[in-house]
Amino acid sequence: MNIDGKLISAKRKDALKQEIEKLKNEGKRIPKLSVVLVGNNQASQTYVRNKDKACAYVGMLSDVIRLDEQISEEELMQVVQQLNQDEQVDGILVQLPLPSHIHEEKILNLIDPQKDVDGFHPINVAKLVLGQNGLVPCTPQGMMVLLDEINYDLTGKEVVVVGRSNIVGKPVALLCLHKHATVTIAHSRTMNLASLCQRADVLIAAIGKPKFFNRDYIKKGAVVLDVGINRDENNKLCGDVDYEDVKDIAAYITPVPGGVGPMTIAMLLENTLKAYYQREEKKNGI
Ligand code: NAP
């Protein structure tokens with residue numbers, strides 16, 4: 001059965017819209033997301049446009065700060081510092097990738113952890129490891145919502161995460177661990193990947209290889225979450241999982257497009273609202 005990420009994401013955005021409407025009616029300040037976009041990368045432009053549209057849909061304030069490809073690291077650092085200090089800004093997102101002359105890590109580490117709605121700052125990463133209440137990366141968080149939506153209890157289940165990136169593989173593995181799953185993280189050096197995956201009650205595919213996982217990797221009745229966004233031989237969007245080959249074996253599967261992908265923006269908006277509430281509470285000394 002498909003897990004309909006598009007529908008679930010729309011539901012979450014509608015709930016956010018109502019919450020922001022309520023803030024407006026109560027005369028409260030409205031949450032704001034600032035997105036920094038450096039250069040003209042086509043994919044980044046599309047992502048940023050979609051984030052801006054989603055903010056408008058839920059009634060959140062947003063602005064996109066477009067900067068020249070040639071901007072110096074120093075100048076970009078100043079932009080981030082200004083956003084850190086801006087009382088009206090709750091969430092800061094620096095769209096990746098940055099041009100090669102800029103150290104990504106230096107910029108991401110400069111973002112105020114309270115406004116770090118991507119959840120990439122070391123403070124938020126540490127909080128995630130410790131199981132403390134920080135800002136969690138959006139795509140992994142979206143996958144946990146999808147599992148909640150099908151009432152899937154991870155307690156004691158075997159989860160295999162394939163891919164160990166800092167933005168997907170590692171954080172989603174930690175989230176599953178906190179939900180009491182037994183978690184294995186696999187990667188490009190893992191041996192006997194297919195037999196490892198066949199043990200998984202939940203397989204999380206996050207490697208960026210079109211249709212890599214066929215039925216040989218899937219246990220009957222497994223839940224398959226496909227994070228990959230790739231193009232197939234006909235230039236059509238596809239995931240890391242060979243959907244047609246796997247769909248009858250898996251109990252649940254996320255399609256690409258329309259599965260994990262749409263959740264990411266919804267979680268970005270939820271993180272911005274969370275950052276807003278946490279900052280408001282701090283201001284009010286709660
Ligand atoms: P990444 O940083 O490139 O990491 C890929 C991971 O997959 C690495 O850990 C790599 O292992 C592993 N890997 C590569 N080939 C493998 C193989 N043949 N067997 C086993 N492991 C293999 O990728 P990412 O940023 O996590 O993204 C993964 C995919 O998710 C991409 O398609 C990306 O576009 C997509 N994505 C989607 C969303 C969304 O919103 N839906 C968000 C983020 C990313 P090593 O560490 O050993 O190199």
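Note that the coordinates shown come from a computational prediction; the quantities given were computed from them, not determined experimentally. Whatever order the structure lists ligands and atoms in, that order sets their numbers, starting from 1. Count residues from 1 along the sequence.
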In this structure, which one of Lys32, Arg29, Lys283 forms a salt bridge (charged side-chain N to carboxylate O under 4.0 Å, His left out) with Asp90?
-> Arg29

Can you list every pair that meets salt bridge (Lys or Arg N to Asp or Glu O under 4.0 Å) and has a residue in residues 91-101, with sequence neighbours left out?
-> none

Mind listing the side-chain donor-acceptor pairs of residues 218-228 below 3.5 Å, one per line with the distance, residues two or more places apart or on another chain?
from: Lys219; atom 1: NZ; to: Asp201; atom 2: OD1; distance (Å): 2.8
from: Asp226; atom 1: OD1; to: Gly228; atom 2: N; distance (Å): 3.2
from: Asp226; atom 1: OD1; to: Asp240; atom 2: N; distance (Å): 2.8
from: Asp226; atom 1: OD2; to: Asp240; atom 2: N; distance (Å): 3.2
from: Asp226; atom 1: OD2; to: Val241; atom 2: N; distance (Å): 3.0

cation_pi(Lys211, Tyr243) dist<6.0 Å, angle<=45 = no

Can I get a per-line list of side-chain donor-acceptor pairs under 3.5 Å for residues 91-110, giving both atom names and the distance, sequence neighbours left out?
from: Gln95; atom 1: OE1; to: Lys51; atom 2: NZ; distance (Å): 2.7
from: His101; atom 1: NE2; to: Ile71; atom 2: O; distance (Å): 2.7
from: His103; atom 1: ND1; to: Glu73; atom 2: OE2; distance (Å): 2.9
from: Glu104; atom 1: OE2; to: Leu98; atom 2: N; distance (Å): 3.2
from: Lys106; atom 1: NZ; to: Glu73; atom 2: OE1; distance (Å): 2.8

Identify all pairs of nitrogen or oxygen atoms, one from ligand 1 and one from the protein, separated by less than 3.5 Å, and list them with distances.
from: ligand 1; atom 1: 9 (O); to: Arg164; atom 2: N; distance (Å): 2.8
from: ligand 1; atom 1: 11 (O); to: Ser188; atom 2: N; distance (Å): 3.2
from: ligand 1; atom 1: 15 (N); to: Lys209; atom 2: NZ; distance (Å): 2.9
from: ligand 1; atom 1: 21 (N); to: Ser188; atom 2: N; distance (Å): 3.2
from: ligand 1; atom 1: 26 (O); to: Ser165; atom 2: OG; distance (Å): 2.5
from: ligand 1; atom 1: 30 (O); to: Val227; atom 2: O; distance (Å): 3.4
from: ligand 1; atom 1: 32 (O); to: Ile229; atom 2: N; distance (Å): 3.1
from: ligand 1; atom 1: 40 (O); to: Thr139; atom 2: OG1; distance (Å): 3.4
from: ligand 1; atom 1: 40 (O); to: Thr264; atom 2: OG1; distance (Å): 2.7
from: ligand 1; atom 1: 46 (O); to: Arg164; atom 2: NE; distance (Å): 2.7
from: ligand 1; atom 1: 47 (O); to: Arg164; atom 2: NE; distance (Å): 3.4
from: ligand 1; atom 1: 47 (O); to: Arg164; atom 2: NH2; distance (Å): 2.8
from: ligand 1; atom 1: 47 (O); to: Ser188; atom 2: N; distance (Å): 3.3
from: ligand 1; atom 1: 47 (O); to: Ser188; atom 2: OG; distance (Å): 2.5

Salt bridge flag under 4.0 Å for residues Asp4 and Lys11 | no

